[in-house]
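Have a look at the structure below before the remarks.
As the structure is a computational prediction, the values presented were derived from the model and not from experiment. Below, read A as the first sequence line, B as the second, and so on, with proteins coming before strands; counting in each chain starts at 1.
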Amino acid sequence: MTNSSILTLDKVTMRFGGITAVKDLSIDIPKGAIVGLIGPNGAGKTTVFNVITGFYKATEGHVLFDGRDITGVPPHLVCRAGISRTFQNIRLFSTETVLQNVMVGCHVRRSAKWWMAPIGLPSFTREEKAIRERSMELLASLRLDSVADEVSSSLPYGAQRRLEIARALATRPKFLLLDEPAAGMNPQETQELMGFIREIRDRFDVTILLIEHDMKVVMGVCEYIWVLDYGEKIAEGSPEVIQSDRRVIAAYLGEEFVHHAEN
Amino acid sequence: MNRKTRNLALTGIAIALLAFFIWWAQGNLDGYKIQVTNLVAVNAILALSLNLIYGFTGMFSLGHAGFMALGAYVNALLTLTQDQKTTMWILDPIAWPFSVMHAPFFLSVVCAGLVAAFVALLIAIPVLRLGGDYLGIATLGFAEIIRVVLTNLSSITNGALGIKGIPGHANLWWNYGWFLITLFFMIRLINSNFGSVLKAIRDDEIAAKNMGINTFFYKVVSFTVGAFFAGVGGALMGSLTTTIDPKMFSFALTFNVLMFTVAGGLGSITGSVIGSIVITVLLEWLRIVENPVTIGSFEIPGIPGMRMVLFSLALILIILFRREGIMGMKEITWDGIFDRSKRGGKSE
Amino acid sequence: MFVQHFFNALTLGSLYGLIAIGYTMVYGILRLINFAHGDMFMLGAYFVFFATTLWALPWSLAVVVAIIGTALCGVLVDRMAYRPLRDAPRISALISAIGVSFFIQNLSLVLFTGLPRAVMRPDWLVNVIKFGDIRILPLAIIVPIVTAALVASLLWVIYRTKPGLAMRAISKDIETTRLMGVPVDKVIAMTFAIGSALAAASGIMWALRYPQINPFMGLVPGNKAFIAAVFGGIGSIQGAVVGGMILGFIEIMVVAFFPGLSGYRDAFAFILLIVILLMKPTGLMGEKLEDKI
Ligand SMILES: Nc1ncnc2c1ncn2[C@@H]1O[C@H](COP(=O)(O)OP(=O)(O)O)[C@@H](O)[C@H]1O
Ligand SMILES: [Mg+2]
């Protein structure tokens, strides 16, 4: 697996003062996979995302991406290297339009400089147009093109989550992290989302790591799953393996259900 | 005729109308009215520059008076002749390169902006790591430091006595010319994807970083460019009043600029322009309360200082009851005026 | 010489510290830089001036009137200009605070005129006492003592009384405190009253030390005291006092030993501010708050 792995966490520990949010975590994610990270609230999942994307620097251990050590690299360079994410509490650019949100995502791959904008060089104008077109395509692929000119904060919740994904894709990531993408969605939207996630992986050739509480989503789309509890990895494996793991059931439901589940 | 050519034509017509107005005003308006008209243009430049920093990029900066002071002093030093400078500097004789340096007005104003921008760059690198109100107080601090330095460096600035008799080059043509340059620059920048990037930093800096934006770099750019235009505005203001001294560039001046910007609408270019017109005219109109008024045989004595009382009251009322100002974040655009079916779009 | 400088610094530091407490308390609770706080300092001095001249009250009674009057002004400012903005973006309240500050200054200019006024000073406070070569104003000893007493009683209120507990709770989490049934607005009003009263005390003592008062006298000491509060770690009362002291000592001692720098005196505070913000943004005694993502 190491050979074709895109992201490796090597004994990552993250401490905040007295709290150890993530402890000695090692993970290896194969290229092109859709994998999941689950665990009860407060288990440290979002912290793992923050460590990968450079918002926190791991107290110990290393993050390797595409063979490169990115431990402690600031977030904007992590993005440039090819990692993008969504946030558990949606963080859109709330005053900007849907289209502008996605276009901001395109910014990281552009070559023009800011001072070309007021001067209006032809190369600048051309690039600007290309970005607009690509953003519209992205919006179309997430069925948001009809609301392209709406202010992003006016969208319903499910659409905001999809817009965050579109915006993340605009940065041309090789690796996409989704933090509870189905949270707040109704069953129909969730069903659609599962389709989107697979479609995105195939169309954009990305590896996807997702945090999710909705077990239907996790078990439905993930090929491999890691389970965290109190910052520690308590299990890993295919959905079938995880579903029958007694420590996982104990972590989620409490010890008394383990026996129940085994019968 | 497609929309783009139409907008271009409309912009051309608007500029021609403005030029006609200036030509007419120079022949027909009295000196006081011309002065107010000039102030509108300079204040609009200042409001736009603060709006870039605060309204569009979300950096609460209270340092505008400092950058204006730098601009005004640079322009004064560059447009006064050597003779004028040597006779005026009383506290200390004027130091060498400053005594002889001289430039034509346009270049002088550009230099004023560049010096302000350069100092802003030096300030930005340490200070912009701070957020929110800490940034406000730190930039206020720098503006005060600039003022203290200007007061003390009397061999360059003539100290607390200030500089008098600055050539009054800044007539309507120059002021409105610079206003159009600033306006054009802002429209182009803000309507581009770089404008969206600045607004993204304002809306959510963490998400912006996650989008691969070097937020610190763009904050520095916005702050420095804003300071450039503040320096330009300061230079024009100094040339307009022909007298400057360090006291003039106190926090009260920043407060005025903040007022134009907030009243017009933070994050609205047209708002800044409208805010500058409304507030400048209001401020002049408020002079009534400071002058004695005679109604029939009654004379109501003027109340000195009342103008600023009403002015600050106005700011408080705006913040309490119409926080978004006149325009909010909306813009008036040709498209908005002429095809109401299509909302938004470019303003040009 | 040094002893005199020492007492000067102690006096100035106490005065800064007393103002700084008001900034730090309000910031700790509302995350608001109360720009109008420096003007409470000015109002305190003017209350004494008018109470002694216009109403011909004895000085000691005038002080009591001034402190109560200023406290009421502080509460009024909060009620009118800040409370309606509790749920608005924080910067709105800050702009409102700047507006209030200019409003108070200019209204004072209209009402009191810009003429510098001389405040009455009881003789026993300003008759120089001599210890051998050293000449000291009684004031220079009394100001630090009064300050220490005020700070001690404030700390008692904050750590030993129910309203103090409520204040500390609000500064940790205003919403939860509200849900627990604490009358949050009343406690905030009390915070403004206490802060303004201390600013008034500082203003009154300032007027004894530097007896010319004018409507803009609060501006510079106010800004400096805010810096002292940041320096000491905003939110911390002890920090505010320490910050005020340090600033007072720096100002007096630098000018005493490097007279050539006296023109830059008003810049020291800002330089100090910028240095501390860059080195330790939480100040000397502040707590670190990390953003959760
Ligand atoms: N910036 C931070 N400062 C202090 N503690 C934090 C910070 N971020 C996360 N934590 C703590 O780390 C633990 C894990 O949080 P999180 O990663 O958000 O959990 P999850 O996403 O699995 O629900 C929690 O106890 C949380 O309080
Ligand atoms: Mg989480």
Side-chain angles (χ1 to χ4, degrees), chain A residues 49-50 53-55 74-87 90-97 99-110 112-120 124-125 127-129 131-132 135 148-153 164 167-168 170-173 177, chain B residues 4 8 52 55-58 117 181-222 224-225 228-229 265-268 324 328-331 335 342-346 348:
Chain A
F49 273 26
N50 286 334
T53 49
F55 286 102
H76 70 275
L77 295 180
V78 170
C79 174
R80 178 159 299 173
I83 300 181
S84 194
R85 74 181 278 188
T86 64
F87 293 91
I90 301 176
R91 284 177 171 271
L92 288 170
F93 305 126
S94 54
T95 64
E96 303 204 67
T97 66
L99 177 63
Q100 281 171 334
N101 264 271
V102 179
M103 286 178 67
V104 167
C106 295
H107 173 84
V108 66
R109 304 288 169 217
R110 78 181 299 180
K113 300 281 172 276
W114 67 270
W115 47 264
M116 297 178 183
I119 302 173
F124 164 83
T125 319
E127 196 182 57
E128 198 90 344
K129 204 166 152 240
I131 286 177
R132 182 175 294 264
S135 301
D149 289 328
E150 304 286 329
V151 176
S152 67
S153 57
E164 256 206 324
R167 188 181 69 173
T171 66
R172 292 189 194 277
L177 301 131
Chain B
K4 217 169 158 182
L8 214 60
L52 177 63
F56 287 106
T57 324
I181 292 173
T182 314
L183 185 64
F184 182 78
F185 182 98
M186 284 288 288
I187 291 174
R188 297 294 300 239
L189 181 67
I190 293 303
N191 285 331
S192 77
N193 196 31
F194 290 100
S196 301
V197 164
L198 298 183
K199 288 187 250 175
I201 295 171
R202 171 192 69 192
D203 286 356
D204 192 327
E205 191 168 348
I206 286 173
K209 282 182 184 162
N210 181 51
M211 290 293 103
I213 294 163
N214 185 348
T215 54
F216 184 66
F217 172 81
Y218 282 101
K219 279 158 83 177
V220 171
V221 166
S222 166
T224 310
V225 172
F228 174 86
F229 286 111
L266 287 165
S268 168
E324 69 278 16
M329 284 190 186
K330 294 191 197 69
E331 299 284 1
D335 289 348
K342 283 236 173 199
R343 285 188 299 132
K346 277 197 168 185
E348 208 136 9

- [ ] Kindly give the heavy-atom pair with the smallest separation between A/V104 and B/I213, and that separation in Å.
- [x] CG1-CD1, 3.5 Å
TODO: Not counting sequence neighbours, which residues clear side-chain hydrogen bond (donor to acceptor under 3.5 Å, both in side chains) with A/T86? List them please.
DONE: none
- [ ] Tell me, out of A/P118, A/G54, A/A170, who's got the most heavy-atom pairs with chain B below 4.5 Å.
- [x] A/P118
Task: Contact winner vs chain A - B/V221, B/L189, B/V225, heavy-atom pairs under 4.5 Å - done: B/V221
- [ ] Any chance you could measure B/K199, atom NZ, to A/S94, atom OG, to the nearest 0.5 Å?
- [x] 12.0 Å
Open item on the list: Within this structure, what is the OG-CG distance for the pair A/S152 and B/D203, rounded to the nearest 0.5 Å?
Closed with: 7.5 Å
Open item on the list: Nearest 0.5 angstrom please: B/R188 CZ to A/M116 CE, how far?
Closed with: 13.5 Å
Task: Stepwise side chain to side chain contact (heavy atoms under 4.5 Å, CB included) check, A/H76 with B/F216 - done: CA-CA 10 Å; A/H76 70 275; B/F216 184 66; over 6 Å; no
Task: Sub-6.0 Å ring centroid separation between B/Y218 and A/H107 - done: yes
- [ ] Go through A/R109, A/E96, A/R80, A/M103 and name the one with the most non-hydrogen pairs under 4.5 angstrom from chain B.
- [x] A/E96
Task: For the student: nearest non-hydrogen atoms of A/F87 and B/N210, plus distance - done: CE1-ND2, 3.5 Å
TODO: Specify the closest pair of heavy atoms between A/V108 and B/G212, including all atoms of both residues, with the distance to one decimal.
DONE: CG2-O, 3.7 Å
Task: Residue part contacting chain B, namely of A/L92, when any heavy atom lies under 4.5 Å - done: backbone
- [ ] List in chain and number order the residues that pass side-chain hydrogen bond (donor to acceptor under 3.5 Å, both in side chains) with A/E128, two or more places apart in sequence or in another chain; answer none if no residue qualifies.
- [x] A/R110
- [ ] Please work out whether the ring planes of B/F194 and A/F124 are parallel, tilted or perpendicular, with thresholds of 30° and 60°.
- [x] parallel
TODO: Sort B/F217 into side chain, backbone, both or neither according to what part of it lies under 4.5 angstrom from a heavy atom of chain A.
DONE: side chain
Open item on the list: Measuring from atom CE of B/M211 to atom SG of A/C106, what distance do you get when rounded to the nearest 0.5 angstrom?
Closed with: 10.0 Å
Task: Where B/D204 and A/F93 come nearest, the two heavy atoms and their spacing - done: O-CE2, 3.6 Å
Task: Shortest non-hydrogen contact from A/Q100 toward B/S196 - done: CG-OG, 3.7 Å
Task: Part of B/V197 lying under 4.5 Å from any heavy atom of chain A - done: both
Task: Contact origin within A/T95 toward chain B - heavy atom pairs under 4.5 Å - done: both
- [ ] Determine the minimum heavy-atom distance between B/A207 and A/R167, stating which atoms define it.
- [x] CB-NH2, 3.8 Å
